[in-house]
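Below is one structure, written out as structure tokens; comments come after it.
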Amino acid sequence: MNYKDTVFLPRTDFPMRGGLPTKEPQILQNWQDIDIYKKLREARKDAPRFTLHDGPPYANGQLHIGHALNKILKDVVNRSQSMLGKNANYVPGWDCHGLPIEWKIEEQYRKKGKDKDAVPVAEFRQECRDFAVHWLGVQSEEFQRLGVLGDWQNPYTTMAYAAEAKIAEELGRILMDGSLYRGAKPVMWSPVEKTALAEAEIEYEDYTSTTIYARFPVTHAAHAALEGASIIIWTTTPWTMPANRAVAYGDDISYQVTEVLAANDGALCGKGDVVVIADDLADSVISAIGASETKIRAHVMGREMTGSVAAHPMAGHGYDFDVPLLAGSHVTTEQGTGFVHIAPGHGVEDYELAHLKHGIAVPDTVGEDGVILPHLPVFGGMHVLRDNAKIAEIMAEHKGVIGIGKLVHSYPHSWRSKAPLIFRNTAQWFVSMELHGLRDIALGELAKTKFYPAAGQKRLTSMIAQRPDWCLSRQRTWGVPLTIFAHKQTGEPLRDPAVHARIVEAMKAEGADCWFMSEASRFLGDDYNPDDYEKITDILDVWFDSGSTHSFVLEDRDDLESPADLYLEGSDQHRGWFHSSLLQSCSTRARAPYKAVLTHGFVLDEQGRKMSKSLGNVVTPQKVMGQNGADILRLWVVSSDYYNDLRIGAEIIKRTTDNYRRFRNTLRYLLGALDGFDADEKLGYADMPELEKWVLHRLASIDAAIREMTETYDFHGIFSELHQFCNSDLSAFYFEIRKDTLYCDNPDATARRACRTVMDEVFNRLTAWLAPILCFTAEEAWQSRHADINQSVHLRSYDPVPADWHNDTVAAKWAQIRKARQVVMSALETARNDGKIGASLQATPMVYILADMQAAFAGQDAASLFITSSATLSSDAAPDGAFRLDAIDDVAVVVAVADGEKCARCWKITPEVSADVDICGRCQDVVSAQS
RNA sequence: AGGCGCGUAGCUCAGUUGGUUAGAGCGCACGACUGAUAAUCGUGAGGUCGGCAGUUCAAAUCUGCCCGUGCCUACCA
């Protein structure tokens with residue numbers, strides 16, 4: 001007779017294969033149909049809040065894998081906080097202003113042969129706005145496809161009128177309190193386009209420069225050897241000489257004071273010249289200036305020059321100021337003379353050394369068209385790029401230069417006009433780091449901020465400690481304007497709250513465009529004469545926009561909290577959003593906008609190389625979602641150490657899919673085993689076998705671990721814990737042991753009811769634990785038992801754990817049992833390899849164990865734990881040939897073949913079965929009860 | 001070039017304040033089962049812990065240097 005129909009095999013509709021790429025969109029649709037976001041808000045409206053503030057991605061293209069990593073992590077944080085019972089509202093946002101979009105629109109113009117400067121500002125800005133709207137929509141779709149839950153109907157953007165107005169209002173705060181000031185800074189400037197250029201607009205091409213060796217006669221020598229000598233510098237930009245204000249040396253560089261005894265014909269130097277140059281470069285300098293015979297008078301270390309002063313090469317011709325010698329850490333002896341001429345208006349390092357470090361004023365020497373300003377002696381009216389040779393010659397005539405040459409080198413050019421660029425001093429607006437103690441406030445706040453991982457604190461702290469004042473202005477179009485009126489005479493900004501309030505009000509209604517479109521009088525009102533003021537047309541650094549999100553998102557929305565519990569971004573945002581948000585908030589509110597900061601690494605390919613089109617190793621989230629599903633991507637995130645760089649590629653995706661299948665099959669088995677289970681079948685804790693109590697103990701300890709790891713955002717730990725649980729505890733151990741009970745026992749048998757009661761608990765908890773990670777699969781599994789979509793798994797929280805589940809005594813006992821079981825398994829394998837047995841049910845092991853382990857087995861059916869037909873435990877000494885494992889020497893096993901016949905129903909081998917009865921006693925009872 | 005990180009089995013990761021023979025899961029190999037079946041179970045083989053040098057009775061762990069690699073910042077006067 002075939003007994004298969006009398007056996008209670010697992011039964012479920014939950015498919016073994018996920019088919020995620022098609023299943024996930026359906027689940028997504030269901031969530032949208034019931035508006036799960038709103039339902040969750042309603043359900044948690046009185047719960048304590050958890051606010052993860054979304055750092056806005058830039059709205060200018062398709063998502064890449066880094067976006068996916070970031071948003072998945074955020075979603076796992078939010079969903080797991082929600083599972084803890086918190087109200088974790090998530091409001092996604094976008095960064096919309098800025099150069100990349102402006103640039104894209106300009107590119108489109110070029111293709112159409114349109115001139116940007118001929119297009120009205122408002123029209124250009126509208127096109128930028130439209131562009132951002134488009135990509136914002138695309139990205140929103142893709143984020144949602146990843147399973148990210150949030151207020152996608154009402155996201156925030158930095159270009160919303162309210163946001164623009166608020167950003168201007170924030171600027172007003174630092175304008176009114178005086179920490180905003182107008183200063184000067186050298187920037188990359190195109191004399192052709194007459195505008196500042198950003199990094200991305202610069203390309204490097206070979207360019208031939210006139211080079212000069214210029215002479216700075218020492219007027220005050222800190223070291224006697226320098227008396228009467230001249231410091232020699234080398235530069236490729238003779239036009240910066242009028243702007244020279246210092247010369248830098250290297251502290252640790254050895255210099256020589258060398259006298260020229262004879263020179264070649266036509267050389268600019270001559271007998272009697274005494275020059276100071278670096279030892280390492282002496283040969284090349286001497287030959288470059290054409291000296292044929294020289295004599296070293298002395299050697300001087302750079303640091304011995306401290307306090308020395310020189311005269312300008314053009315001293316006596318209108319350049320009659322002191323040129324101090326300063327120590328510069330950037331000075332090298334790779335090229336030149338070992339001295340670097342410092343023009344604070346024409347180089348960032350020059351600016352930092354002369355102006356920021358030594359307080360030397362930055363002179364204006366070059367106009368926006370690249371012409372040296374007319375009031376400058378000798379060189380006024382000359383062009384900085386075209387007239388270099390002329391400048392060099394004039395200087396040589398005045399003995400200011402003792403060598404002229406040419407150099408072909410890589411030089412910055414405009415991406416647009418292809419014209420060479422210069423560094424030019426420009427008026428810019430800054431937030432002072434010191435004036436109102438911004439730096440100290442920020443550092444103090446950082447010390448109070450929790451960092452995940454901890455190293456982030458050091459990184460951000462050292463950046464804040466070292467950074468210069470924040471330059472807020474950009475000579476650009478697509479952004480929030482610096483809503484400032486500067487007095488034409490004094491240059492001072494107008495600090496009138498009433499005027500600024502008018503500006504902000506107008507922007508709320510009309511957007512930032514109104515600043516560009518309106519006459520100054522509209523905002524200045526009757527109190528000021530518009531002719532006295534310059535309306536600044538610069539826009540704000542976009543980092544000020546995104547740095548202000550805490551104000552127009554966290555503070556302005558009732559459903560969010562400020563400061564945020566967490567900011568979570570890639571490690572590049574130490575320099576970016578973490579940084580700008582901190583400074584913005586500290587300058588306006590004297591506190592950090594976040595309580596904690598989490599950073600994740602970057603995504604690399606399988607070999608640990610960065611992804612690039614040329615390497616062909618780019619993995620896109622769209623492709624992974626389309627081929628494997630979003631849950632695979634989500635599982636990949638948590639199975640990686642996301643505090644470090646992550647890797648992804650074909651094999652890693654394959655391994656992730658393997659891991660996914662383990663979770664899926666575990667859920668599937670539970671569903672099958674729980675077929676038809678209802679509340680009446682449940683059994684109380686006291687009535688359960690110890691194995692079930694052990695499983696409940698595991699649930700209790702995993703629950704505690706998961707709650708703790710959720711608080712510390714250790715999702716990788718949660719993944720490991722759950723994976724281990726499904727693999728080792730459930731699949732290979734508990735399920736395996738209980739198959740006989742589940743399949744063959746009578747439905748109302750205590751053991752079977754206990755097993756199903758526990759499996760129900762396991763299922764309930766496992767789905768909740770997995771829900772933040774495998775948000776689709778957990779829902780699919782949950783729904784297959786709770787068909788009402790309104791009972792979504794994501795509306796649940798982690799179930800409370802009854803106190804008596806935690807049971808260390810049971811845990812210790814079962815650790816012993818599993819140890820003995822391991823030896824038995826190994827012994828059975830040996831017997832199997834010897835051909836003695838096939839299935840373990842064919843065996844009956846004799847297990848020799850010590851007294852304490854005997855105690856662990858007390859009351860247990862050892863055979864069912866070993867999945868053998870019978871088993872004997874003995875405290876006798878084991879016979880010589882008994883099987884042992886090296887690592888576990890207190891257990892020995894002798895495997896014998898089980899005695900009897902195979903029960904046709906439960907497949908155990910037992911003497912109860914004979915030629916007359918083909919099933920065992922237990923099975924007879926069950927079968928007869930069925931009919 | 002500078003700042004901050006990272007480098008443990010084919011893959012993803014654990015490795016507490018330095019202390020027995022460096023662990024887990026997956027994959028792989030072999031085997032079992034055919035009542036989780038495009039599953040499941042068992043057993044096993046894989047590591048000079050990036051390299052070199054040092055401190056120590058003892059180093060994956062501490063120190064230095066080097067190599068590789070990532071993020072950030074800069075530079076080519």
Next item on the list: May I ask you to verify whether the side chain of A:Thr12 and the base of B:A36 hold a donor-acceptor pair under 3.5 Å?
Entry: no
Margin query: Between the side chains of A:Glu651 and A:Lys654, is the shortest nitrogen-to-carboxylate-oxygen separation below 4.0 Å, so that they form an ion pair?
Written below: no
Notebook entry, point to check: If we take the P atom in both B:A59 and B:G18, what is their distance in whole Å?
Noted result: 13 Å
Margin query: Under 4.0 Å from OP1 or OP2 of B:U12: is there any side-chain N or O of A:Arg662 that close?
Written below: no
Note to self: Between B:G35 and A:Trp907, is there a base-stacking contact, meaning the centre of the base's six-membered ring lies under 5.5 Å from the residue's ring centre while the planes stay under 30° apart?
What the structure shows: yes
Item checked: B:G5 phosphate, OP1 or OP2, under 4.0 Å from A:Lys458 side-chain N/O -> yes
Notebook entry, point to check: To the nearest angstrom, how far is A:Asp658 atom CG from B:G10 atom P?
Noted result: 18 Å
Check: What do the steps show when you test A:Tyr255 against A:Tyr249 for ring pair (Phe, Tyr, Trp, His ring centres under 6.0 Å), and what is the final call?
Finding: CA-CA 9 Å; A:Tyr255 295 88; A:Tyr249 58 83; 7.1 Å; no
Next item on the list: Look at the side-chain N and O atoms of A:Arg661 and state whether any lies under 4.0 Å from the OP1 or OP2 oxygen of B:A39.
Entry: yes
Notebook entry, point to check: When you measure from the side chain of A:Glu829, which nucleotide among B:G25, B:U43, B:G35 comes out closest?
Noted result: B:U43
Margin query: Between A:Lys610 and B:C71, is there a contact of a side-chain N or O with OP1 or OP2 at under 4.0 Å?
Written below: yes
Next item on the list: Between A:Leu646 and A:Ala732, name the one whose nearest nucleotide on RNA chain B is closer to the 5' end.
Entry: A:Leu646
Notebook entry, point to check: Looking only at side-chain N and O atoms, does A:Arg668 come under 4.0 Å of OP1 or OP2 in B:U37?
Noted result: yes
Next item on the list: May I ask you to say whether A:Asp745 pairs ionically with A:Arg752, meaning some side-chain N is under 4.0 Å from a carboxylate O?
Entry: no
Notebook entry, point to check: Charged N to carboxylate O below 4.0 Å: is that the case for A:Lys357 and A:Glu352?
Noted result: no
Item checked: Comparing A:Ser720 and A:Ala455 on RNA chain B - which has the more 5′ nearest nucleotide -> A:Ala455
Margin query: I'd like to know whether the aromatic ring centres of A:His346 and A:Trp239 sit less than 6.0 Å apart in this structure.
Written below: yes
Note to self: Do the side chains of A:Lys902 and A:Asp918 get close enough for a salt bridge, i.e. N-O under 4.0 angstrom?
What the structure shows: no
Checklist line | Between P of B:C11 and CD1 of A:Ile653, the distance in whole Å | finding: 16 Å
Check: Is B:U56 paired to anything, Watson-Crick or G-U wobble with both distances less than 3.5 Å, and if yes, which nucleotide?
Finding: none
Next item on the list: May I ask you to say what A:Arg459 touches in the nucleic acid, namely base, sugar-phosphate or nothing, with a heavy-atom cut-off under 4.0 Å?
Entry: base
Note to self: Please determine whether a side-chain nitrogen or oxygen atom of A:Ser731 lies at a distance below 4.0 Å from atom OP1 or OP2 of B:C41.
What the structure shows: yes
Notebook entry, point to check: Given the C1' atoms of B:G27 and B:C6, what is the spacing between them in whole Å?
Noted result: 25 Å
Notebook entry, point to check: How far does the C1' atom of B:G19 sit from the matching atom of B:G7, given to the nearest Å?
Noted result: 25 Å
Check: Hey, does the side chain of A:Arg832 come within less than 4.0 Å of B:C41's phosphate (OP1/OP2), counting only N and O?
Finding: no
Check: Rounding to the closest angstrom, what is the interatomic distance between B:A32 and B:U37 at atom C1'?
Finding: 14 Å
Next item on the list: Decide if the gap between the ring center of A:His716 and the ring center of A:Tyr643 is smaller than 6.0 angstrom.
Entry: no
Notebook entry, point to check: Taking OP1 and OP2 of B:A36, is either one under 4.0 Å from a side-chain nitrogen or oxygen of A:Lys739?
Noted result: yes
Notebook entry, point to check: Roughly how far apart, to the nearest Å, are B:A14 and B:A74 at atom P?
Noted result: 33 Å
Notebook entry, point to check: From the list B:C71, B:U12, B:U40, which nucleotide is the closest neighbour of the side chain of A:Ser639?
Noted result: B:U12
Check: Is the shortest side-chain N/O distance from A:Asn665 to OP1 or OP2 of B:U40 below 4.0 Å?
Finding: yes
Next item on the list: Could you measure between the two C1' atoms, the one in B:G46 and the one in B:G25, and give it in whole Å?
Entry: 15 Å
Check: Considering every strand shown, what is the Watson-Crick or G-U wobble mate of B:G7 when both distances are under 3.5 Å?
Finding: B:C67
Next item on the list: Can you check whether any acceptor in the base of B:A38 is under 3.5 Å from a donor in the side chain of A:Arg17, or vice versa?
Entry: yes
Next item on the list: Establish whether the base of B:C11 is bridged to the side chain of A:Arg647 by a donor-acceptor pair shorter than 3.5 Å.
Entry: no
Notebook entry, point to check: Using purine N1 to pyrimidine N3 plus N6-O4 or O6-N4 for Watson-Crick, or N1-O2 and O6-N3 for G-U wobble, both under 3.5 Å, which nucleotide pairs with B:A38?
Noted result: none
Checklist line | Integer angstrom distance from the C1' of B:U48 to that of B:A22 | finding: 13 Å
Next item on the list: Examine B:G5: is either OP1 or OP2 under 4.0 Å from a nitrogen or oxygen in the side chain of A:Asn644? Give yes or no.
Entry: no
Check: Roughly, in whole Å, what's the span from CD in A:Glu569 to C1' in B:C72?
Finding: 16 Å
Margin query: Could you identify the nucleotide paired to B:U73, looking across every strand shown and requiring Watson-Crick or G-U wobble geometry with both distances under 3.5 Å?
Written below: B:A1
Note to self: Roughly how many Å apart are B:C33 and B:C41, using the C1' atom of each and rounding to a whole number?
What the structure shows: 8 Å
Note to self: Can you tell me which nucleotide in B:C41, B:G5, B:G44 comes closest to the side chain of A:Asp645?
What the structure shows: B:G5
Note to self: Below the 4.0 Å mark, does B:C6 have OP1 or OP2 next to a side-chain nitrogen or oxygen of A:Tyr643?
What the structure shows: no
Check: Expressed in angstrom and rounded to an integer, what is the separation of A:Arg738 atom CZ from B:G35 atom C1'?
Finding: 18 Å
Notebook entry, point to check: Does CD belonging to A:Gln930 count more than 12 external heavy atoms closer than 6.0 Å?
Noted result: yes
